[in-house]
J.: 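Structure in structure tokens, see below.
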Amino acid sequence: MGLKENNLVLYNTLSRKKEEFVPINPGFVGIYVCGPTVYGDSHLGHAKSYISFDVIVRYFRHLGYKVRYVQNITDVGHLQSDADEGEDKIAEQARLERLEPMEVVENYTRSYFEDMDVLNVLRPDISPRASGHIPEQVEMIQTLMEKGYAYEADGNVYFEVEKFKDYGKLSGRSVDEMREGHRVEVKSDKRNAADFALWKKADPTHLMRWNSPWGKGYPGWHLECSCMSNKYLGETFDIHGGGMENKFPHHESEIAQSEAANGKPFVKYWMHNNMVNVDGVKMGKSLGNFKTLKAALESYPPLAIRFFILTSHYRATLDFSETALQAAEKGLQKIYTVVEKVFTSKALSEKTDDAFEKEIEAYEAAFQEAMDDDFNTPRAIAATFDFIKKTASWIEREPDKLSVPTLEKLTSVLKSLLDDVLGLLPESFEKEETSSDKMDGVMELLISLRAQLRAEKNFALADEIRNKLTELGITLKDTREGTTWE
RNA sequence: GGCGACGUACCCAAGUGGUUAAGGGAGAGGUCUGCAACAUCUUUAUCGUCGGUUCGAAUCCGACCGUCGCCUCCA
């Protein structure tokens, strides 16, 4: 299986420009994306990030690359406030819920995957946990100390930022700026306020602590990503992704740790997705406009949320609003209507329809061109709408003379692009839930009864049947060929 | 205060130097329909402001205004 011909270009945050994608190992892509800290339910921001990278991974696979997708689960070390101060987020949540930290971790990890599953986000190939990689992290700290990049102070170990000359290359800051820019002078045993923790001492009241050469404690937040990406993807790998707000200090620190420890470049391409706003304002817990996925999923179908997210580019901010989401839902429905027609049509002619095959090929090309340009899903979707229109009229024009080979080709292209790449098609277009032979029989009866009423011009009663059915969530459609329901 | 992104129609959102500025939603009008929904057709922008570069700019440069992000935990 060779690679599809492609001309993939992606925006590299490190160089601040679009670059041609050239994998380190031909045909193979190693990608690491910062996963969630599992101390609460996932929200729309998580959805945007993980749906974006899901499509990126799916597209690489579509092109024929063998992908290893690693996404961590942060279950320790992520502190609540000021750099390297404050309580561990998991520990705090455990205290609040009166649970073991690992119960909190387990609950929210499951909740996270549940939400991602319904959004049709494929699971990463490896979902390593920080707490499962303590020995690796201790080892890395030791390496950093041996090489002179880290120092111990009273059971804490810090990375000395001044020793790593490239610190700031990703986020575009200098250590000097950071020293001056620090708002609050934190009282600590750090040599420099910009230094960050590799290992934090924990007193016996801490619920999560492990043994280390520096006493009992727990690892710093940035360290896990360096360690686990190293372990599963190697010292240098292709793509590291995450949310923009993590560029600094998280990703900057990852680079420092990994490159200092390994003496090799850490990541070839950095990709950052933008944030979600709600009605023009940043979504945040303190602002009270926080949308958890579980809440959003009560009002909207999961694939409509997914579609909505993909109608804007991953590097653009996404402005969430009820009207925007409703618009997306309708648009997606329009695509479904035509796709369903395609999937259920019967073709009779063995002759290839050359003209329409050209249209199919043009669509594939337009779609791929859009995706090749830094995963431009909005453009790919626009191309889809254009094509969907043509498809609908192709089927309508001569339904009896549809070409078998052309319909087959059409079906497989739609499946490949809309389902495999964008992940937008439902499992099946069969009538869902209540559908059964019995139900079909009842509906047929009602429809024929209503047809009779309409023939007798008893529209009042006919409309009442339709209205009552609408209330039950069943829509009747009167077409020239007869009445259908869904 | 420092760094960065963005500003395209009523809403969402592509386009980043050159024929009529994609696409979706909403609105309006027509076809279809007993009516409605569905479907379908038509229609709705000169691109934040001002100035510059250019034969030519939404697209490059500068200033200004505005929105947002990061600098502190956040996808």
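Numbers restart at 1 for each chain; the letters A, B, ... are given by sequence-line order, proteins then strands. FYI, side chains are in, hydrogens and waters are out, and symmetry mates aren't considered; it's all heavy atoms of this structure.
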J.: In terms of side-chain heavy atoms of A:R466, which of B:C68, B:A36, B:A75 is nearest?
T.: B:A36
J.: Establish whether the base of B:C6 is bridged to the side chain of A:R315 by a donor-acceptor pair shorter than 3.5 Å.
T.: no
J.: Any strand is fair game: report the nucleotide pairing with B:U72 by Watson-Crick or G-U wobble, both distances under 3.5 Å, or none.
T.: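 Partner of B:U72: none.
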J.: Does A:D463 reach a base, just sugar-phosphate, or nothing at all? Heavy atoms under 4.0 Å.
T.: base
J.: Kindly write out the residues that satisfy salt bridge (charged side-chain N to carboxylate O under 4.0 Å, His left out) with A:D373, not counting sequence neighbours, or none if the list is empty.
T.: A:K18, A:R379
J.: Taking atom P in both B:C60 and B:U44, compute the distance separating them and give it to the nearest angstrom.
T.: 28 Å
J.: For the pair made of CG in A:L170 and P in B:C71, what is the distance, rounded to whole Å?
T.: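 Checked: the CG to P distance equals 13 Å.
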J.: For B:G17, which nucleotide in any strand shown is its Watson-Crick or wobble partner with both distances under 3.5 Å?
T.: none
J.: Indicate, with a heavy-atom threshold strictly under 4.0 Å, whether A:R454 touches base, sugar-phosphate, or nothing.
T.: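 Base, at least one base heavy atom under 4.0 Å.
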J.: Which nucleotide, if any, forms a Watson-Crick or G-U wobble pair with B:U42, using both distances under 3.5 Å?
T.: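 Answer to the pairing question: B:A28, which forms a Watson-Crick or G-U pair with B:U42.
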J.: Quick one: salt bridge (charged side-chain N to carboxylate O under 4.0 Å, His left out) partners of A:D115, sequence neighbours excluded?
T.: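 Partners of A:D115 by the salt bridge (charged side-chain N to carboxylate O under 4.0 Å, His left out) criterion, ordered by chain and then number, come out as A:K294.
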J.: For nucleotides 14-19 of chain B, tabulate all protein N/O to nucleotide N/O atom pairs closer than 3.5 Å, reporting atom names and distance.
T.:
unit_1: B:A14; atom_1: OP1; unit_2: A:H313; atom_2: N; d: 2.9
unit_1: B:A14; atom_1: O3'; unit_2: A:N376; atom_2: ND2; d: 3.2
unit_1: B:G15; atom_1: OP1; unit_2: A:N376; atom_2: ND2; d: 2.8

J.: Using modelled atom types and a 3.5 Å cut-off, is there a donor and acceptor pairing between side-chain atoms of A:D238 and backbone atoms of A:G30?
T.: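 Answer holds: yes.
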J.: Of all the choices, B:C68, B:C35, B:A22, which nucleotide is nearest to the side chain of A:R450 once you look at every atom?
T.: B:C35
J.: State whether A:E160 and A:K190 are salt-bridged, where the test is any N-O pair (Lys NZ or Arg NE/NH1/NH2 against Asp/Glu carboxylate O) under 4.0 Å.
T.: no
J.: B:A36 and B:A45: how far apart are their P atoms, nearest whole angstrom?
T.: 29 Å
J.: Starting at CG of A:D319 and ending at P of B:U8, how long is that distance when rounded to a whole Å?
T.: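 Roughly 12 Å, once rounded to whole Å.
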J.: Categorize A:V33 for me: base, sugar-phosphate, or nothing, with a 4.0 angstrom heavy-atom threshold over every strand shown.
T.: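 Nothing, no nucleic acid heavy atom in range.
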J.: Under a 3.5 Å cut-off for both distances, is B:U67 Watson-Crick or wobble paired, and to whom?
T.: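 Partner of B:U67: B:A5.
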J.: With A:R123 as the cation and A:F113 as the aromatic partner, state whether NZ or CZ is under 6.0 Å from the six-membered ring centre and within 45° of the axis.
T.: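 Output yes; distance and angle both within limits.
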J.: Expressed as a whole number of Å, how far does the P atom of B:C50 sit from that of B:G69?
T.: 28 Å
J.: Rounded to whole angstroms, how far apart are CG on A:N273 and P on B:C70?
T.: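 Interatomic distance, CG of A:N273 to P of B:C70: 13 Å.
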J.: Would you say the ring centroid of A:Y32 lies under 6.0 angstrom from that of A:F266?
T.: no
J.: What residues form a side chain to side chain contact (heavy atoms under 4.5 Å, CB included) with A:S345, not counting sequence neighbours?
T.: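 With neighbours one apart ignored, the set is A:I395, A:L402, A:L407.
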J.: With C1' as the reference atom in both, quote the distance from B:C65 to B:U49 in angstrom, rounded to an integer.
T.: 7 Å
J.: Using the P atoms only, state how far B:G23 lies from B:U42, rounded to an integer number of Å.
T.: 11 Å
J.: Just checking A:M244: base, sugar-phosphate only, or nothing, at a heavy-atom cut-off of under 4.0 Å?
T.: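 Counting heavy atoms under 4.0 Å across all strands, no contact is made by A:M244.
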J.: Distance check, P atoms only: B:A28 and B:A13, in whole angstrom units.
T.: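 B:A28 and B:A13 have their P atoms separated by 24 Å.
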J.: Judged by modelled atom types alone, do A:D75 and A:S131 share a side-chain donor-acceptor pair under 3.5 Å?
T.: yes
J.: All N/O contacts under 3.5 Å from nucleotides 24-30 of chain B to the protein, with atom names and distances to one decimal?
T.:
unit_1: B:G25; atom_1: OP1; unit_2: A:K334; atom_2: NZ; d: 3.4
unit_1: B:G25; atom_1: OP2; unit_2: A:K334; atom_2: NZ; d: 3.4
unit_1: B:A26; atom_1: OP1; unit_2: A:K330; atom_2: NZ; d: 2.4

J.: Between B:C64 and B:A57, how far is it from one P atom to the other, in whole Å?
T.: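 Per the computed distance, 24 Å lies between those P atoms.
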J.: When both hydrogen-bonding distances must be under 3.5 Å and the geometry is Watson-Crick or G-U wobble, what is B:G62 paired with, if anything?
T.: B:C50
J.: For A:Y363 and A:T384, test the side chains for any donor-to-acceptor distance below 3.5 angstrom and give the result as yes or no.
T.: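 Indeed, the side chains of A:Y363 and A:T384 share at least one donor-acceptor pair under 3.5 Å.
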J.: With rounding to the closest Å, how many angstrom separate the C1' atoms on B:C6 and B:C35?
T.: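 Rounded to whole Å, the distance is 48 Å.
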J.: Using a 4.0 Å heavy-atom cut-off, does A:R397 contact any base of the nucleic acid, only the sugar-phosphate backbone, or nothing at all?
T.: nothing
J.: What residues, two or more places apart in sequence or in another chain, satisfy salt bridge (charged side-chain N to carboxylate O under 4.0 Å, His left out) together with A:K330?
T.: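 Salt bridge (charged side-chain N to carboxylate O under 4.0 Å, His left out) check on A:K330 returns nothing, list empty.
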J.: Answer yes or no: is there a donor N or O on one side and an acceptor on the other, between the side chain of A:E252 and the main chain of A:L170, under 3.5 Å?
T.: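 Yes; judged by distance alone, with no hydrogens or angles, the pair exists.
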